[in-house]
Amino acid sequence: MSAAEHETFIKTPKQLITAVVLSFVVPILIIVLLVKYVGAGDRGGSGNNALTPEATEARIQPVARFELKGAGGAKALRAGEEVYKAQCSACHAVGAAGAPKVGDAGAWAARIKTGYDALLNSALKGKGAMAAQGGGDFEDIEIGRAVVYMANSSGGKLAEPKAPAPAEEAKK
Ligand code: HEC
């Protein structure tokens with residue numbers, strides 16, 4: 001057996017002190033690094049995004065939000081011509097499927113004589129080849145306006161229906 005086999009790293013008091021200090025410092029360093037690594041993500045508390053303009057605005061907005069709505073509900077009511085162009089002109093501009101053509105006073109005269117209520121009723125519920133609301137999805141008053149627009153473009157003199165109760169108020 002040689003003497004070298006009994007040797008250790010620590011030979012002097014200075015080396016012993018170094019070894020003792022390192023045995024404390026190294027684990028602590030590892031722990032510190034681990035903690036930093038775990039906490040590297042988004043931290044809560046101060047320093048988060050609580051002060052961004054959006055967050056501030058959401059925080060200070062009034063409890064009840066105020067929304068201005070038209071008399072007829074959330075969406076603005078469309079004018080008769082608008083509804084006609086969107087939904088009714090497909091048939092009524094050309095007279096498709098036997099529809100009375102807008103502008104053709106002769107085709108409308110007899111119908112207009114039945115009165116606004118009757119015309120509106122036909123337009124709302126459908127008549128012959130025409131589906132209810134001409135197949136559209138509108139407020140009744142919007143259909144009423146379209147009926148008036150169409151009839152008045154075809155020799156009629158119907159009064160523009162007024163919201164919110166067009167059918168009862170408007171007359172021939
Ligand atoms: C699919 C084709 C079609 C569309 C779309 C259509 N109509 Fe008609 N409409 C007709 C036909 C066909 C008639 C004739 C019905 C009959 O007298 O048998 C008619 C008749 C009418 C009449 C006369 C009803 C009466 O009592 O004499 C009115 C008013 C009318 N339509 C309004 C409208 C309005 C308003 C729209 C859009 C919202 C519309 N139509 C969309 C086909 C259509």
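Keep in mind that the numbers below use all heavy atoms, side chains included, and drop hydrogens, waters and symmetry copies. Atoms within a ligand are numbered from 1 in the order they appear, just like the ligands themselves.
- In this structure, Ala97 counts as a contact residue of ligand 1, since one of its heavy atoms falls inside 4.0 Å of the ligand.
- Looking at Leu120, Leu119, Ile143 and measuring to atom 29 (C) of ligand 1, the nearest heavy atom belongs to Leu119.
- For atom 8 (Fe) of ligand 1, protein N, O or S atoms under 2.8 Å: 2 in total.
- Between Val102 and Ser154, the shortest heavy-atom distance links the atoms CA-OG, 3.5 Å.
- Rounded to the nearest 0.5 angstrom, Arg145 CZ and Glu139 CD are separated by 10.0 Å.
- Atoms of ligand 1 lying under 4.0 Å from at least one heavy atom of Met150, given by number and element, are 32 (C), 33 (C), 34 (C), 35 (C).
- Counting heavy atoms closer than 4.0 Å to ligand 1, residue Gln133 contributes backbone atoms (N, CA, C, O) but none from C-beta onward.
- Looking at every heavy atom in both residues, Leu158 comes nearest to Ala151 through CD1-CB, 3.6 Å.
- The shortest side-chain heavy-atom distance between Ile141 and Lys162 does not fall under the 4.5 Å cut-off.
- Residues satisfying the side chain to side chain donor-acceptor pair (under 3.5 Å) criterion with Gln15, sequence neighbours excluded, are absent altogether.
- At the top of the distance list for atom 18 (O) of ligand 1, counting protein heavy atoms only, stands Gly128 CA, 3.7 Å.
- Looking only at protein heavy atoms, the nearest one to atom 28 (C) of ligand 1 is Trp108 CH2, 3.8 Å.
- With hydrogens and angles disregarded, no donor-acceptor distance shorter than 3.5 Å links the side chain of Glu142 to the backbone of Leu77.
- At least one donor-acceptor pair closer than 3.5 Å links the side chain of Ser122 to the backbone N or O of Ala118.
- Its side chain within the 4.5 Å cluster rule, Ile17 clusters with Val21, Val25, Leu29 among the Ile, Leu, Val, Met, Phe, Trp and Tyr residues.
- The nearest protein atom to atom 23 (C) of ligand 1, hydrogens excluded, is given as Arg111 CD, 3.8 Å; this is a heavy-atom distance.
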Report all side-chain donor-acceptor pairs from residues 90-99 shorter than 3.5 Å, counting only partners two or more places apart or in another chain.
from: His92; atom 1: ND1; to: Pro100; atom 2: O; distance (Å): 2.8

